[in-house]
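What follows is a set of notes on a single structure, which appears directly below.
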Amino acid sequence: MTEPGIDAPDKYDPNLAIDKWLRVWEDKHLFEADGLVDAGTAGQDDARPRSCVVSMYPYPSGDLHMGHAEVYSISDVIARYLRLRGDNVLNPIGWDSFGLPAENAALKRDLDPSTWTYANIEVQAESFRRLGVSFDWRTRLHTSDADYYRWNQWLFLRLLEKGIAYRKSAPVNWCPVDKTVLANEQVVQGKCERCGSTVQQRDLTQWFFRTTQYAQRLLDDMAQLEGNWPSEILAMQRNWIGRSTGAYVDFAVEGRAEPVRVFTTRPDTIFGATFFVVAADAPLAAELCAPENRAEFEAYRDKVRTETEIDRLAADRPKTGVPLGRHALNPVTGQQIPIYAADYVLATYGTGAVMAVPAHDQRDLDFAKAMGLPVVAVLDTGEDDPATTGVATAGDGTLVNSGRFDGLAKADAIEAVTADLQERGAGERAVIYRLRDWLVSRQRYWGTPIPIIHCPSCGEVPVPDDQLPVRLPETGYELRSADGASPLESATEWAAVDCPSCGGAARRDTDTMDTFVDSSWYFLRYPDPTYTGGPFNPEGVARWFPVAEYIGGKEHATGHLMYARFMTKVLHDLGMVGFTEPFAKLTNQGQVIMNGRSMSKSLGNLVNLQEQLGLYGPDAVRVTMLFAGPPDEDIDWADVSPTGAVKWLARIWRLAGDLTTPDATDGDGELRQQTHRLVDEITTLFETRRLNVAVARLMELTSLLRKACDSGAGPADPAVHEGMSALLRMLSCFAPFTADEAWSRLGLPSSVIEHGWPEADPALVFQQTVVCAVQVAGKVRDRLTVATDITETDLRDLALNSEKIVKDLAGRAVLKVIVRAPNLVNIVPAKA
RNA sequence: GCCCCCGUAGCCCAACAGGCAGAGGCAGCCCCCUUAAAAGGGGUCGAGUGCCGGUUCGAAUCCGGUCGGGGGCACCA
């Protein structure tokens, strides 16, 4: 075997120079942002614009995989580009290191979650280094460190003070066999992922954050993001928030002091409300139920409670329900209408009760048919009577059977009826949201302990700030406790504390926080990850945030991104940050797939990153990812060619070796122009993040230079050197190792990335002449080389007098000439 | 059902703001080099933009419809 670089000096080895360049970059501190928290720490150069480029931090589930390589390649190219352009760039890294997989791995391997987690973090950190990602390692944080999660607890307490955190009973997924609470992703088609038994809903008292209170602001502030976030993500968030406008209507119920309130988007149809439905699982249903209906109701309700997602997801399931033996008073018709309990009404949306208008709502109509209830059409849409067709009419029309509102158009009627109800105190205009409050309690071990103490006499008592952090117990707990309560229930010694308020015996809250709490603010801690004066250093936050560009997958559209936006607004309201949106710009990256499908062990189509790195080296893997297509599109690894990337990098490397000492000439003018035009174009492509096209242009520049070196200007021509210098500086964003290696082959002082982004000289970019297409009736008939600044009149004359055009026109009259100097002339002739 | 994104050579992808459909790569083919091999060099072939219609002097691009793919929300009143 030959030793690369010794016996085969002209062979490019994609893995040869990695350690060398990693050392050079680290020794020179090239990736460290200047003045992380204040101008005094380093800052000779604080006039530079600051840019904070953040990629969503990884979960340490093992070594890095292809998906990681893509996200961090994209963010790294952007960070490196901005740095070359002269920005003071912060490119931080941390780990989302709490979470369920650590517990599962720990159970499987019989070790503790912490050991597994921190070992993985070390593996990933080293892989990031070897991938050439230009992180500022001083930012490094792990959310599972007590130094981090104590601030989760601190923030929780602030939210509690503001009334944003509160406790209520809510259902959780419960596996009766494993006797444990399951996360949604552990429930597959209503069954426990692990043991396959049917998951039940069980009520537990849990902590929530009032995201609903921020629903309108989350919606309104999207105006700030429009154009800088992908429209798709904004649409998903809009869907998720699900604003709907309408009215609350109060229905008096016999024998009940307070009326029952419903929400409707169609107050105009209230004259057609012939019955009333309450969600069977809502407390209201049990309350309203008449004694003689109780047995039937409870049987129905219990059945509904065992129904889980599987049943709920079944399409077109027949409507079921039971009468509650009570009546409500339709506030406009004065009619007594029967009240039913049914499962098609959701307890958690609106008020958990609806006025049913079967003629104009398909669900109500289906229910009416099943129960034999009357159907009264109150809006004439010109369609057939819903009572006979079984199809509810939801379109536009005119009111009928609606007393004094008859004849009004739908939109006017909505206004008029709402106003009328409001006047009579029977209702009001209302806006409601689909968005729910954020359930933050998790019955898990590996997370942030909730800093609350439950005292038999004082109730819920916050842990005083000076007693934070509430540390996770390292021993004395069972990950899977016998009765399936929170693992921390089993840490009896840990849980037993004295009440901070009365000093009596009390117990800690044994739930931990959703890891989305950790990730809702982590980026703010990056500038000063060991800060002890608060969750984040306000000076650092003021300097670096909002994040200039945030990079990650769109699977986080409605989860993480929503929570981070919410938390930012809360922090803003607490006076802790000066902005209301955390991420000024969002770039999505697609997934890396294989043969048209997501990679998975079971499909046998996994592509191993380390293997790819071994075969092609980090540069080629990065280039392959970025060249494959626009960043937000999925990459099918079967469609791309890492060997093609290696070939290209090798060509550049060889070309650098082929150049000779520059001579004293002015250099090839034509080549200089081409180089500067490409630099100009590539700069725009970087600005607009069309990185795949930028790679293509760099390949083009490579070919130009190869040709010039071999057959034109020659290897000593200064223009060739200039082109090569520009190429390598731009290349360093994509392929930093190769760029530096080739740069040093040219005999230039390392590192290439200290030499800045090439500047295109406008005088060289400008084209003296261009080729103008001359069309006849839209078809190109001639091409003329003309001066770029030719006037429309001159160009028009030139075109009309062109030999080919005269011939093509063959004497036809010219109706019109469109001139778009200097690129195009279109001559419209009369029909022959 | 409502909403969003996308359909361009065999494949992955370009085409600034409507203006000459092709930059780059993969695969194929040809030549040269080397020949033990090719992650050596050079060249070449190749689509009228899913389909129908409209606007326009001119449409991949704008509009309407339709088909196909991907995604989000959903008994949400």
Side-chain angles (χ1 to χ4, degrees), chain A residues 10-14 230-242 244 246 262-266 269 277 312-317 319 342-346 348-357 360-364 366-367 394 432-435 554-555 557-558 615-616 620 623-624 627-630 632-636 638-651 654 678 681 684-685 688 690 692-700 702-703 706-707 710-711 771-783 815-818 820 823-829:
Chain A
D10 245 17
K11 176 122 173 88
Y12 169 79
D13 180 337
S231 61
E232 194 185 355
I233 302 294
L234 295 177
M236 282 163 77
Q237 293 212 345
R238 241 174 244 118
N239 269 341
W240 188 257
I241 295 169
S244 88
V262 300
F263 174 78
T264 178
T265 54
R266 295 293 305 279
T269 62
V277 188
R312 291 252 165 181
L313 287 173
D316 288 327
R317 55 203 285 259
K319 294 280 180 288
D343 66 350
Y344 83 92
V345 170
L346 303 177
T348 50
Y349 186 76
T351 62
V354 300
M355 66 176 208
V357 184
H360 305 297
D361 183 289
Q362 192 60 49
R363 298 158 299 183
D364 294 342
D366 293 343
F367 190 80
I432 68 168
Y433 303 88
R434 199 199 68 91
L435 183 75
K554 67 180 169 194
E555 65 274 20
T558 53
L615 284 169
Y616 309 111
V623 165
T624 304
F627 182 55
D632 59 325
E633 272 177 33
D634 287 350
I635 296 170
D636 194 327
D639 290 336
V640 297
S641 170
T643 62
V646 175
K647 269 194 208 174
W648 175 50
L649 296 172
R651 289 178 71 199
R654 276 194 308 271
L678 277 168
E681 194 186 347
T684 307
L685 290 167
T688 50
R690 282 176 300 157
N692 55 323
V693 190
V695 173
R697 292 294 170 272
L698 290 173
M699 289 175 172
E700 218 176 321
T702 309
S703 297
R706 179 85 247 173
K707 244 172 257 180
D710 291 351
S711 53
V771 174
C772 174
V774 185
Q775 302 175 330
V776 175
K779 297 214 160 68
V780 180
R781 297 297 184 202
D782 197 10
R783 289 169 207 282
L815 292 182
K816 205 175 194 179
V817 181
I818 288 101
R820 289 283 173 274
N823 298 311
L824 185 126
V825 178
N826 188 15
I827 297 163
V828 186

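Every chain is numbered from 1, with letters handed out A, B, ... down the list of sequences.
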Seminar exercise, completed: As its Watson-Crick or G-U partner within any shown strand, both distances under 3.5 Å, B/rG1 has B/rC73
For this session: Select base, sugar-phosphate, or nothing to describe what A/Val828 touches, counting heavy atoms under 4.0 Å on all strands.
Result: sugar-phosphate
For this session: Can you tell me, in whole Å, how much space there is between the C1' of B/rG25 and that of B/rA14?
Result: 11 Å
Exercise. When all nucleic acid strands are considered with a 4.0 Å heavy-atom cut-off, which category describes A/Asn823: base, sugar-phosphate, or nothing?
Worked result: nothing
Exercise. Base, sugar-phosphate, or nothing for A/Pro230, non-hydrogen atoms under 4.0 angstrom?
Worked result: nothing
For this session: With P as the reference atom in both, quote the distance from B/rG10 to B/rG46 in angstrom, rounded to an integer.
Result: 11 Å
Exercise. Per the atom types in the model, does the base of B/rC73 pair as donor or acceptor with the side chain of A/Asn239 at under 3.5 Å?
Worked result: no
Exercise. Taking any strand in view, what nucleotide pairs with B/rA39 in a Watson-Crick or G-U wobble way, both distances under 3.5 Å?
Worked result: none
Exercise. Checking all strands, does A/Lys707 fall into the base, sugar-phosphate, or nothing category for heavy-atom contacts under 4.0 angstrom?
Worked result: sugar-phosphate
Exercise. Base, sugar-phosphate, or nothing: which does A/Ala650 touch, judged by heavy atoms less than 4.0 Å apart?
Worked result: nothing
Exercise. How would you label the contact of A/Val771 with the nucleic acid (heavy atoms, under 4.0 Å): base, sugar-phosphate, or nothing?
Worked result: base
For this session: In whole angstrom, give me the gap between the C1' atoms of B/rC52 and B/rC12.
Result: 29 Å
Exercise. Which part of the nucleic acid, if any, lies within contact of A/Glu633, taking any heavy atom under 4.0 Å across all strands shown: a base, the sugar-phosphate backbone alone, or nothing?
Worked result: sugar-phosphate
For this session: Pick base, sugar-phosphate or nothing for A/Arg651, based on heavy-atom distances below 4.0 Å to the nucleic acid.
Result: sugar-phosphate
For this session: Could you give the distance separating B/rC16 and B/rG69 at their P atoms, to the nearest angstrom?
Result: 29 Å
For this session: For A/Thr348, answer base if it contacts any base atom (sugar-phosphate contacts may also be present), sugar-phosphate if it contacts only those atoms, and nothing otherwise; contact means non-hydrogen atoms under 4.0 Å.
Result: nothing
For this session: Please work out if A/Thr643 contacts a base, only the sugar-phosphate, or nothing of the nucleic acid, heavy-atom cut-off 4.0 Å.
Result: nothing
Problem set entry | Nucleotide forming a Watson-Crick or wobble pair with B/rG18, both distances under 3.5 Å | none
For this session: In whole angstrom, give me the gap between the P atoms of B/rA74 and B/rC57.
Result: 48 Å
